[in-house]
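Okay, so here's the structure we're looking at.
In what follows, every heavy atom counts, from backbone to side chain, and hydrogens, waters and symmetry copies are set aside.
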Amino acid sequence: MFSNFIYLLVALILYSTSEFQSTAEHTANSSLALTTFSISIAIALFLMFWLVCYITFKRLERHVANSGDVSNLDNHLEKSLSRLSILALLIFACDLYFLRLNLLFDNIWLFKIFPTIEAIILLSIFLLYLVIVWNSAWNIQKKYFAGYVSKKSFVLSNISFSLPALLPWFILSFTADLIELIPFEQPKGFLATPQGEILYVLTFMIAVACFGPILIQKIWGCTSLEDSFIRTRIEELCKRAKLKYADILKWELFGGSMITAGVMGLWGRFRYILVTPAMINSLLPEEIDAVIVHEIGHIQNRHIHFYLLFFAGYIASIYSLFDPMLLIYYFEPIIKAVSFVGINHETGITLILSMIMIFMFLIYFRYIFGFFMRNFERQADIHVYRYLPDASALIRTFYKIAGINRHSWDKPNWHHYSIKERVDFLNLCELNPEYIQKHHKRVRLMMQTYIVVIIFICLVGYYFNLGQGKDKINEYLAEKIISEQLDERPQNIDILLIAADYYYNKEKFGKAVYYYNKVISLAPNNSHALNNLAWLYATCPNIEFQNPQKALELATRALEAAKLESAKFSPALAIPPHILDTYAEACFLNGLYAEALEAAKEALKNATDKKDYYQKQVNRFS
């Protein structure tokens, strides 16, 4: 079930990265033709996927019926569900990156104001693929697993259980949409800064930690467990453990047919203990005690607090590494590979960026987070030794779960050790209690190591987002963009001027001189290029580029060009002060002191800002 969280979050990453693609190509083509083609192919893929799901589960059903062996059914079912869910992700990626279904909503004003609504609609397409998978798997669930669950209940339970995975994103994204509607620029400007973003995310995480459990239990349709012997027993156990909670809820997951329990909420007034009817009806009172103590172990060992930290760590990691990841847009081997395959450059690079982010997500959650979860579950298992005489009740519960829920005895999943491994470890602790403390120490060391790594990643993030790394990345990207534009339009005056000004500001004077001269060769009366090159020759800190005579020649030409430009629009239009200032500087360097003073005074007269600077120039030349 928890795998559905990962599938939905990967779908969210696919959608988010697909938004990086430009819409220019789409608007240039026939919108109607693209829409018709995209929808037709999308429907064909949808029907094909439905057929694949139907055939897959029918084959599995026939295999079980012919062999009569249901001992490994759980494994086969999980593999089929995983493979079809991954296929759904691939088709969803095709819908976004090649069919460009997200562009169908480009001209709808509501989605421009609330982009989150558009995202929900598109993510619903992926959810629909998952519904097809669950709908097709229901027959096997009905025939071979304990407890009758209607098809409607089975599908809705899968949906409701999975949706909380998107709840944090939805709240964060929709809140951002509302902030954009605020008529005041100052708060929006602050939230656009790194400090504002960090404060926003921290506030959001605290709010989700408080109110998330309230929303989730509503989504799951939980109700307060009625007064009974079992409720009283759970209350007494929690009182003994000094555990605060808001309520004990009946969790009708898959019609209440699964033996399981859960706990959610960081703080007592927002904390809920969840139990399923199957757990209450199938387990003995002391076995229910063992399950509840396991859940108490999650709270008292602060696993839920660490889960919040783990999500914060993921956000910090993505924030820290996102800017460096953008460098792949201009990484030559990748550009050549995309070109060789024949995919549109922007689509190909965006796909690769999406794949990198998905890879990071899977490594982080599927393996690193999964590793922590497995060890947290084991730590919660051995919590029984704190409140119960031994682990026998919990071990019996595991046997019942394996039998009634048809969970594989010896197959682990990404977030739990196998039932056999859990039972074996408890038996080992029974024989040698030292293993209990060893595991507690192991978990503490894991958590300390994680915190150190996250602090390091945050420092890396500071370097790339607020420190020298940010300047280096920006410089690299700027030069790549300029180079790309120059290759495409080598004779374009505006691009050549951008390149020249950029290299001048970066004190790469040789390149600046080259591009200013190239502009002048193409447009001899371009006052911008003439003036800036004159200023470079007059004031360059590098002696190699100082040339007072050339500076005066170019400054004179710039002044004449500026006069012609002013006369062209209006005879009364004043000559720009910065051009007069360059001319004054060049005159002064060449011993033309009277001309320098006259030009400086005129610059001061024409100036609308920086008057202090121009006054200093007048004083200097006097």
Side-chain angles (χ1 to χ4, degrees), residues 1-6 74-75 78 161 164-165 237 241 243 251 253 258-266 271-276 279 283 287-311 364-388 390-402 404-405 407-430 433 435-450:
M1 294 186 299
F2 286 101
S3 296
N4 293 333
F5 285 11
I6 289 182
D74 183 58
N75 285 348
E78 283 297 321
F161 184 78
L237 188 55
L243 183 76
W251 191 14
L253 181 67
M258 295 187 67
I259 301 176
T260 189
V263 63
M264 56 182 179
L266 290 178
R271 181 178 297 139
Y272 296 93
I273 298 171
L274 287 68
V275 295
T276 62
M279 188 194 92
L283 303 184
E287 293 168 350
I288 293 175
D289 288 348
V291 173
I292 297 302
V293 168
H294 172 96
E295 301 304 330
I296 291 172
H298 284 305
I299 298 297
Q300 294 186 335
N301 288 303
R302 301 193 179 279
H303 297 160
I304 297 179
H305 296 76
F306 188 80
Y307 291 155
L308 184 65
L309 176 63
F310 212 84
F311 278 97
Y364 190 88
F365 283 101
R366 173 65 175 78
Y367 295 100
I368 301 175
F369 187 45
F371 173 73
F372 277 89
M373 286 187 75
R374 288 193 299 274
N375 282 278
F376 285 170
E377 290 296 329
R378 177 165 285 178
Q379 191 176 35
D381 286 347
I382 60 178
H383 206 67
V384 295
Y385 293 108
R386 185 170 176 180
Y387 294 101
L388 302 178
D390 54 44
S392 58
L394 186 59
I395 291 172
R396 291 200 306 273
T397 300
F398 286 143
Y399 278 99
K400 287 186 177 181
I401 290 173
I404 297 174
N405 288 356
H407 284 183
S408 175
W409 172 251
D410 57 359
K411 180 182 178 296
N413 56 41
W414 66 273
H415 52 86
H416 280 80
Y417 286 111
S418 71
I419 293 177
K420 181 180 183 301
E421 287 172 318
R422 295 172 75 175
V423 169
D424 287 347
F425 187 75
L426 288 171
N427 285 327
L428 185 64
C429 292
E430 293 278 343
Y435 282 96
I436 298 172
Q437 291 306 316
K438 283 183 179 180
H439 189 71
H440 286 314
K441 288 179 181 178
R442 169 188 170 90
V443 171
R444 280 196 297 270
L445 180 61
M446 287 165 47
M447 295 170 74
Q448 290 164 2
T449 303
Y450 175 81

Please list, chain by chain and in numerical order, all residues satisfying side-chain hydrogen bond (donor to acceptor under 3.5 Å, both in side chains) with [X], sequence neighbours excluded.
X    : answer
E421 : S418
Y367 : none
K420 : D424
Q379 : H303, H440

**Contact list for residues 370-379, test salt bridge (Lys or Arg N to Asp or Glu O under 4.0 Å), sequence neighbours left out** = E377-R422

Can you tell me how far apart [atom1] ([X]) and [atom2] ([Y]) are? Round to the nearest 0.5 Å.
X    : Y    : atom1 : atom2 : value
M279 : I288 : CE    : CD1   : 5.0 Å
I401 : E287 : CD1   : CD    : 9.5 Å
I299 : L266 : CD1   : CG    : 7.5 Å
L243 : I292 : CG    : CD1   : 10.0 Å
L283 : T397 : CG    : OG1   : 5.0 Å
L309 : I304 : CG    : CD1   : 14.0 Å

**Asked** Excluding sequence neighbours, so at least two apart, what forms salt bridge (charged side-chain N to carboxylate O under 4.0 Å, His left out) with R442?
**Response** none

**Item:** Sidechain-backbone polar pair: R271 side chain, M264 backbone, donor-acceptor under 3.5 Å
**Value:** no

Are the ring centres of [X] and [Y] closer than 6.0 Å?
X    : Y    : value
F306 : Y450 : yes
F311 : F365 : yes
H383 : Y387 : yes
F372 : Y307 : no

Do [X] and [Y] have side-chain heavy atoms sitting under 4.5 Å apart?
X    : Y    : value
H415 : F369 : no
F376 : V443 : yes
W414 : I6   : yes
I382 : Y435 : no

**Asked** Checking side-chain contact (heavy atoms from CB on, under 4.5 Å) against I296, which of V384, L237, I273 comes through?
**Response** L237

**Request:** Test Y417 against N375 for side-chain contact (heavy atoms from CB on, under 4.5 Å), laying out the working first.
**Result:** CA-CA 8 Å; Y417 286 111; N375 282 278; 3.6 Å; yes

